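What follows is a set of notes on a single structure, which appears directly below.
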Amino acid sequence: MNIFVAKLNFKSKKEELEAAFAKYGQVTSCKIVRDKETGRSKGFGFVEMPNDEEATAAIAALNEKEFDGRVIVVKIANPKQQD
DNA sequence: AATGAGCGT
C-alpha cells in the first residue's frame with residue numbers, strides 16, 4: 001500500500017515518517033520528496049506498507065494529525081508509473 | 001535559494 005503524506009514540516013526527515021508509520025504497522029520503505037537541485041524538502045512524501053490493514057490503520061491514525069509540530073495529511077497515494 | 005497545496009529522483 002502506497003501512502004501519500006503531505007503538509008510535512010520542511011525539516012522532517014524520512015526516518016521520522018518511517019518511525020511514525022512503523023508504530024502502527026510494518027514499513028518497508030519511505031521517502032520524502034525533495035528538490036533535486038536545492039535539496040530542500042517539498043513538504044510531502046510517501047510511505048510504503050506491505051500490510052493493507054496496517055496501512056489503513058496508520059493512515060486513519062496519522063491523517064490530519066500533528067507530526068513534527070505540523071498537522072499532516074495522509075492519504076492513499078496515486079499509482080506511480082510502474083510500467 | 002524560497003514556501004504550504006499537492007502526488008515521487
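Just so it is clear: chains get the letters A, B, ... in the order the sequence lines come, proteins before strands, and each one is counted from 1. Quick caveat: nothing in here was measured; it's all calculated off a predicted structure.
Within residues 42-56 of chain A, the residues that place at least one heavy atom under 4.0 Å from DNA chain B are, in residue-number order, A:Lys42, A:Gly43, A:Phe44, A:Phe46. Listed in residue order, the members of residues 7-16 of chain A having a heavy atom less than 4.0 Å from DNA chain B are A:Lys7, A:Leu8, A:Phe10.
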Given the rule in the side chain to side chain contact (heavy atoms under 4.5 Å, CB included) test, do A:Phe4 and A:Asn78 qualify, once you have shown the distances and angles that lead to the verdict? CA-CA 8 Å; A:Phe4 172 70; A:Asn78 295 329; over 6 Å; no
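The side-chain hydrogen bond (donor to acceptor under 3.5 Å, both in side chains) pairs that include a residue from residues 20-40 of chain A are A:Ser29-A:Glu48, where partners are two or more places apart or lie in different chains.
Residues satisfying the ring pair (Phe, Tyr, Trp, His ring centres under 6.0 Å) test with A:Phe67, not counting sequence neighbours, are none.
Along DNA chain B, the nucleotide closest to A:Asn2 and the one closest to A:Arg70 are compared, and the more 5′ of them pairs with A:Arg70. With DNA chain B read from its 5' end, the first of the two nearest nucleotides for A:Ser41 and A:Ala6 is the one closest to A:Ser41.
Using a 4.0 Å heavy-atom criterion, one finds that A:Lys31 contacts the bases of the nucleic acid, with or without backbone contacts as well. Contacts of A:Ile3 with the nucleic acid, taken as non-hydrogen atoms under 4.0 Å apart, are absent.
Clustering of Ile, Leu, Val, Met, Phe, Trp and Tyr side chains at separations under 4.5 Å leaves A:Phe10 isolated, with no partner residue.
The neighbour count for A:Lys7 NZ, taken as heavy atoms of other residues, nucleotides or ligands under 6.0 Å away, does not exceed 12. Within a 6.0 Å radius of NZ in A:Lys65, other residues, nucleotides and ligands contribute more than 12 heavy atoms.
Here the side chains of A:Asn2 and A:Ile76 are not in contact, with every heavy-atom distance at 4.5 Å or above. Residues A:Leu8 and A:Leu17 are in side-chain contact: their nearest non-hydrogen atoms beyond the backbone lie under 4.5 Å apart.
Cluster membership for A:Phe44 and A:Val27, using ILVMFWY side-chain heavy atoms within less than 4.5 angstrom, is not shared.
Nucleotides of DNA chain B lying under 4.0 Å from heavy atoms of chain A occupy a range whose first and last members, 5' to 3', are B:dA1 to B:dT9.
In this structure a side-chain-to-backbone donor-acceptor pair under 3.5 Å is missing from A:Asp68 to A:Asn9.
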